[in-house]
Amino acid sequence: MKIILKNTKRLLPSNELENCEILIEDNQIKEINSTISEVADREIDVKGNLVLPGFIDVHIHLREPGGEHKETILSGTKAAARGGFTTVCSMPNTNPVPDDVETVNALFEKIKQDAQVRVLPYAAITKNLKGEKLVEFEELAELGVFAFTDDGVGIQTADFMLQAMKRAKKAGRAIVAHCEDNSIVYGGVVHDGKVSKALNLPGIPSLSESVQIARDVLLAEATGCHYHVCHVSTKESVRVIHDAKRAGINVTAEVSPHHLILNEEHIKEDSGDFKMNPPLRAKEDQQALLEGLLDGTIDFIATDHAPHSAEEKAQGMLKAPFGIVGLETAFPLLYTNLVLTNKVTLNQLVDWVTIKPAEVFGLPYGRLEENAIADITVVNLEKNSVIDKNTFYSKGKNTPFHNWEVKAQPILTMVDGEVRYIDEEEIQHG
C-alpha cells in the first residue's frame with residue numbers, strides 16, 4: 001500500500017521548517033521530496049504541520065498481566081499512540097513477572113494481539129523481582145527481550161549486581177537499573193528536603209540513588225556491561241555519571257519529563273498525584289538534570305509512565321503507590337516548558353525522544369529519512385490546549401499536570417506505515 005503525506009513540514013538542523021511530501025510504501029519511507037508525483041492508494045493532508053520520527057520511550061509500565069485495573073497493553077499503547085510514541089519498552093513489574101520462557105512467550109503473544117504501537121518488553125533481572133535468584137539471561141535474550149531490569153527495586157548487593165552484569169554482557173543485553181539503596185530510604189515518600197519538613201512527611205535522601213549508581217558504574221567498568229540508569233533525579237547522580245563517562249565506562253542514562261519540569265516546591269499539599277519514585281527533588285537537582293541533558297551526561301528522555309487507579313492515588317502520600325502517567329502529556333509539556341522558554345532547541349528535544357534512545361540501544365527506529373522504517377509522528381506546534389486527565393486514553397489519570405496549559409500536540413501517529421492514531425478534527429485524509 002502506498003500512502004502520501006501531503007502538505008507537511010520537516011525539521012532542518014537549523015531548527016527551520018521545510019515544506020515537503022512523504023511517500024510511504026508498505027512499512028518504509030520511500031521518498032521525501034518537495035512534491036511527489038506517484039499515485040498513492042491514500043493521501044493524507046496534514047495541513048502544514050510538522051512531521052517527525054516516531055517517538056521512542058524505553059521506560060513505561062503497562063501493568064498487564066495482573067494489574068489490568070490500572071492499565072492494559074491495549075489502553076497503554078493507545079495512550080502511547082496518542083502521545084506520538086511509536087516504540088515503547090514495558091517494565092516487568094507485573095504479575096506474573098516475565099522471568100522465564102513461559103511468561104515471556106505469553107507476554108509476547110498478548111503484545112501481538114493487543115498492542116497499537118511497537119512494544120519491546122523487558123525481562124526481570126531476578127526471579128519475581130525479589131533480588132534472590134538470577135533469571136536465565138541467555139535463554140530470555142534469545143526470545144527477544146529488550147533488556148534486563150528489576151525496575152522499582154534496586155539490586156541491593158554489589159555481588160548480585162556483578163553477577164547480573166556478567167550474565168547480561170554474555171547475553172548481549174543491557175542492565176537497566178532503578179537505583180535505590182533501601183538501607184537509606186528510611187520509609188520516605190517525598191524528597192528529604194523543604195517539603196518533607198513542611199508537610200511532616202518522611203523524606204527520601206538523594207544519597208539513596210547516587211550511592212548505588214557510584215557502585216554500579218565501577219561494576220560496569222569491571223564487566224564491560226552496558227549499564228543504563230533509569231530516571232536520574234539528583235545532582236550527585238549526574239556528577240557520578242559524568243565522571244564515569246569521562247572514564248570510558250559504558251554507562252547511559254535517562255531523565256523523566258516531570259523531573260525536568262517540576263521540583264519539590266511544586267508540592268503544595270499531601271497529594272498522591274505528586275508521589276513518584278524517585279521523588280521530585282530540589283531546584284538545584286532540577287537544574288543539574290537539564291544541564292546534564294544539554295552536555296550529554298544524560299542521554300535522553302523517558303516518561304516512566306506509571307498508571308494507577310484513582311482509588312489508589314487518593315490515599316495520600318503515605319499510602320498511595322509511587323508513579324504518574326506521562327505518555328499523553330510528555331511532548332506538549334516538554335515543548336512548552338523547555339523549547340518555548342528557550343532552554344533547549346526543538347532539534348534537541350526531538351533528538352532526546354527519537355534518535356538518542358534508538359542509538360543507545362541499537363534500535364533501527366527514530367529516523368525520518370528515505371529507506372527508514374515508517375514510524376512517523378505529526379505534531380501541530382501551534383495547537384493550544386489544556387491538559388485534561390479525564391480525556392486520557394490511558395486508564396491512569398494520575399498526573400500532577402491536570403489543567404496545565406500547553407502548546408503543541410501530536411495529531412497523527414504511524415507505526416510501520418500504518419496509522420495508529422489520527423486527530424480527525426486536525427487532519428483531512430482520503
Side-chain angles (χ1 to χ4, degrees), residues 58-59 89 91-92 97-99 122-143 145-185 205-255 278 288-289 292 295-300 302 356-357 359-363:
V58 304
H59 189 150
C89 303
M91 289 295 176
V97 173
D99 58 9
Y122 285 89
I125 294 172
T126 67
K127 297 290 289 183
N128 290 313
L129 305 177
K130 289 184 176 178
E132 297 170 356
K133 182 181 179 183
L134 293 174
V135 301
E136 295 297 331
F137 284 78
E138 291 183 81
E139 198 173 54
L140 298 181
E142 287 175 5
L143 296 180
V145 298
F146 176 68
F148 293 91
T149 185
D150 273 10
D151 182 56
V153 189
I155 299 294
Q156 295 304 303
T157 70
D159 176 61
F160 221 72
M161 181 58 94
L162 178 64
Q163 301 310 317
M165 286 187 180
K166 287 179 178 178
R167 298 277 293 276
K169 169 72 173 174
K170 190 176 180 182
R173 292 293 190 277
I175 287 288
V176 175
H178 172 115
C179 295
E180 189 171 30
D181 187 322
N182 291 345
S183 69
I184 49 174
V185 170
S206 293
L207 270 177
S208 63
E209 174 180 297
S210 56
V211 74
Q212 202 165 83
I213 297 173
R215 177 200 75 181
D216 287 353
V217 294
L218 295 175
L219 298 175
E221 182 178 34
T223 61
C225 177
H226 174 199
Y227 171 68
H228 179 76
V229 186
C230 292
H231 43 50
V232 177
S233 73
T234 79
K235 62 184 188 299
E236 296 86 0
S237 299
V238 175
R239 187 175 74 233
V240 170
I241 295 164
H242 178 78
D243 291 346
K245 285 192 169 189
R246 286 187 63 190
I249 298 170
N250 189 8
V251 56
T252 56
E254 71 193 40
V255 64
L289 295 173
D295 71 17
T297 299
I298 297 173
D299 296 86
F300 56 78
K356 297 293 187 181
E359 286 180 350
V360 164
F361 287 98
L363 300 174

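Quick caveat: nothing in here was measured; it's all calculated off a predicted structure.
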With no hydrogens and no angle check, just 3.5 Å: does a side-chain donor-acceptor pair link [X] and [Y]?
X	Y	result
His178	Thr149	no
Asp150	Thr126	yes
Glu254	His228	yes
Ser208	Glu180	no
Asp159	Gln163	yes

Working to the nearest 0.5 Å, report the span between [atom1] of [X] and [atom2] of [Y].
X	Y	atom1	atom2	answer
Arg215	Leu162	CZ	CG	10.0 Å
Thr223	Ile249	OG1	CD1	10.0 Å
Leu134	Lys166	CG	NZ	11.5 Å
Ser210	Arg239	OG	CZ	7.5 Å
Ile175	Asp216	CD1	CG	9.0 Å
Ser183	Gln156	OG	CD	7.0 Å

Would you say the side chain of [Y] lies within less than 4.5 Å of the side chain of [X], judging by non-hydrogen atoms?
X	Y	answer
Val360	His226	yes
Tyr227	Val176	no
Cys89	His59	no
Ile241	Ile298	no
Leu140	Phe148	yes

Report task. Please test Ile125 against Val135 for side chain to side chain contact (heavy atoms under 4.5 Å, CB included), starting from the C-alpha separation and ending with a verdict. Result -> CA-CA 6 Å; Ile125 294 172; Val135 301; 5.8 Å; no
Check whether [X] reaches the backbone of [Y] with its side chain - one donor and one acceptor, N or O, closer than 3.5 Å.
X	Y	result
Asn128	Lys130	no
Tyr122	Val58	yes
Arg173	Phe137	no

Locate the shortest heavy-atom distance separating [X] from [Y]; write the atom from each residue and the value.
X	Y	answer
Asp151	His231	OD1-NE2, 3.6 Å
Phe361	Ala174	CE2-CB, 3.9 Å
Ile155	Gln212	O-NE2, 3.2 Å
Pro205	Val185	CD-O, 4.0 Å
Glu209	Ser237	OE2-OG, 2.7 Å
Glu236	Ser206	OE1-CB, 3.7 Å

Report summary line: Those residues at least two apart in sequence (or on a different chain) that pass side chain to side chain donor-acceptor pair (under 3.5 Å) with Thr157 are none
**Report entry** Ion pair Asp299/Lys245, N-O distance below 4.0 Å
**Finding:** yes
Query raised in the report: Can we say Lys170 and Glu138 salt-bridge, meaning some charged N sits less than 4.0 Å from an Asp/Glu carboxylate O?
Result: yes
Query raised in the report: Under the criterion side-chain contact (heavy atoms from CB on, under 4.5 Å), which of Val232, Val229, Val217, Thr234 is the partner of Val240?
Result: Val217
